[in-house]
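Working notes, beginning with the structure itself.
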Amino acid sequence: MSLPYDDDPTFAAYARPERLVSTQWLADHLGEPELVVVESDEDVLLYDVGHIPGAVKVDWHLDLNDAVTRDYVDGVGFATLMSAKGIDRETTVVIYGDKSNWWAAYAMWVFTLFGHPDVRLLDGGRAKWQSEGRAMTTDVPTPAPVEYPVVEREDAVVRAYREDVLASLGGQLIDVRSVPEYTGERTHMPDYPQEGAMRGGHIPGAQSVPWALAANEDGTFKGRAELEAIYQQEKGLTPTEPVIAYCRIGERSSHTWFVLQHLLGFEDVRNYDGSWTEWGNLVRVPIARGSEPGEVPST
Amino acid sequence: MSDAENLPAAFASIVEDFNAVSSRDRIQMLLDFSQTLPELPERFADHPELLEGVPECQSPIFLTTEVEGAGHDAVVHLYFSAPMEAPTTRGFAGILHEGLDGLTAREVLAIPADVSHRLGLAEAISPLRLRGMAGMLGRIKRQVREKSAA
């Protein structure tokens, strides 16, 4: 049994308002047996400093990525993880995290690869919950293991591989990194590690649509009308056409994936998780530099 | 070779402590270091431009060094600034502070570059995240070399 959706009027205009909950909704439903709250952060220790009561930690490095291959866990790995976190296939999962929910959106996207039916984001994430002075704890729950079925990962729907990107050149492709990363001045985020891309720039034809355009100062998502003005009017993206988003390693583009798919209702949105750390190292793929999308090479 | 080999006493003891416990307890120890990292003294807190950024870390951290005296025997002091929301990064800083503060320039410069990999943390927090600590150590050594002329 899923929990009721958050009928907060600020969500009503979104294409899929059931994918978002407010801090108040979460506070009202904490402790209900059908709900598991998941914290997913960039900083692996942040959860241990304090988290929402009852929340479990899912770390993108340690839990969602395969330990050997540069890929996500498989169906068995995901089922094992879910079981350990007390999540069954019917559980309502609410994910939140630091950094404007980048890693929370990323975790949600990985849950989507396994088709978990009811997974939602906490609007505003960890920072909003804390800024409202809501309860935090360092108690780590020890959920009783539950049965989670082994579901094969289904990448095709929301995940793009480099071959898909190459085949989509000339289509709707958006680069959600910072402007200096897009132009090629730098290959990593300001203040972030050099992730080792050999070349700077962007995929030819990709529009620059930095992820932060979708977020308010407090880390919540902008309203539907504001988002439409940015993505559809200003950037000219068409909801009925396929779109692929990428960034550096796929975390910021998960944020944009959420916006396009769940808030604006685009029909076919994929995240290219290989992103610039893959493209910027590939031999013989086209790259554009500068502030314009650039020429798309004819194939 | 023991993980603590070729390390000054304080750092060797940290390495031994980490390797004596389970992966889960190493996380707790790192967290303890993040909480005991000394505050930045006022003379730096008011002048953030005196601190050097460490872009290898995921979260913003700034550090600086002071050197008493000159040459190989100059005594090194370390200062760090990192937000409470970045406990992993603060934990690395705390380890470096406890392990290196008060050593001579010679001792600091002799710290092996792979020291961050001797704490048994790769499995607990992922190897990629350890690069931040190596980045801090590299900057500390460069500053110490410049400031002590050792």
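Note that this is a predicted model, so its numbers are computed, not measured. Proteins come first, then strands; the chains are lettered A, B, ... in the order of their sequence lines, and each starts at number 1. Both backbone and side-chain heavy atoms feed into the values below; hydrogens, waters and symmetry mates do not.
Within a 6.0 Å sphere centred on CD of B/Glu39, other residues, nucleotides and ligands contribute 12 heavy atoms or fewer. Remark: B/Glu98 CD is loosely packed, at most 12 non-hydrogen atoms of other residues, nucleotides or ligands lying under 6.0 Å away.
Under the side-chain contact (heavy atoms from CB on, under 4.5 Å) test applied with A/Val44, the options B/Leu30, B/Ile125, B/Leu121 reduce to a single match, B/Ile125.
Within the model, atoms CG of A/Leu45 and CD of B/Gln35 stand 9.5 Å from one another, a figure rounded to the nearest 0.5 Å. Taken to the nearest 0.5 Å, the CZ atom of B/Arg24 stands 5.0 Å off from the CG atom of A/Asp48. A/Lys99 contributes atom NZ, which lies 9.0 Å from atom CD of B/Glu85 (distance to the nearest 0.5 angstrom).
Heavy atoms closer than 4.5 Å to chain B are found in both the backbone and the side chain of A/Leu46. For A/Asp59, the part sitting under 4.5 Å from any heavy atom of chain B is the side chain, from C-beta outward, and nothing else. Proximity to chain A (any heavy atom under 4.5 Å) is restricted, for B/Glu123, to the backbone atoms N, CA, C and O.
Side-chain contact between B/Arg90 and A/Val49 is absent, with no heavy-atom pair separated by less than 4.5 Å.
The two residues B/Arg129 and A/Glu42 have their closest heavy-atom pair at NH2-O, 2.9 Å.
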